[in-house]
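Only one structure is covered here, and it is reproduced in the block below.
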Amino acid sequence: MKSNGFKTAVVVFGIMMISNISFGQPQDRKERKEPPTFSELLKEMDKNEDGKLSKSELKGPLKEDFAKVDTDEDGFITEEEFKKAPKPQRRERN
């Protein structure tokens, strides 16, 4: 009798462990990315290499919020303006 109870307990424990592993979060899930730095944006988008970003050089959320970030309204985003910029809103998931 005791061996049947022990075997049952081992089987139940094993099933619980397997189900927890299979329903847990995937191990290869990408970590949340940090927003790019200003220097990274310059490397990627500053086409004329003047050290600042114009609206025509931008894409994505930064272009959409250009007026909010360009606080001195000179038509360019400098590093200081970028550092003081409001954080973009997170997109809702469906």
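This one's a predicted model, so the numbers in the text were calculated from it and none came from an experiment. Nothing fancy with the numbering, it's 1 onward along the sequence.
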Query raised in the report: Which residue pairs satisfy the salt bridge (charged side-chain N to carboxylate O under 4.0 Å, His left out) criterion with at least one member in residues 68-86, sequence neighbours excluded?
Result: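 Residue pairs with at least one partner in residues 68-86: Asp65-Lys68, Glu79-Lys83.
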Query raised in the report: Which salt bridge (charged side-chain N to carboxylate O under 4.0 Å, His left out) pairs, counting each pair once, include a residue from residues 36-58, with sequence neighbours left out?
Result: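 Residue pairs with at least one partner in residues 36-58: Glu44-Lys59.
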**Report entry** Shared hydrophobic cluster for Phe38 and Phe76 (ILVMFWY, side-chain gaps under 4.5 Å)
**Finding:**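 Result: no, two separate clusters.
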**Report entry** Partners passing side chain to side chain contact (heavy atoms under 4.5 Å, CB included) against Leu41 (at least two apart in sequence or in another chain)
**Finding:**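 Listed in chain order: Pro36, Met45, Leu53, Leu62, Phe82.
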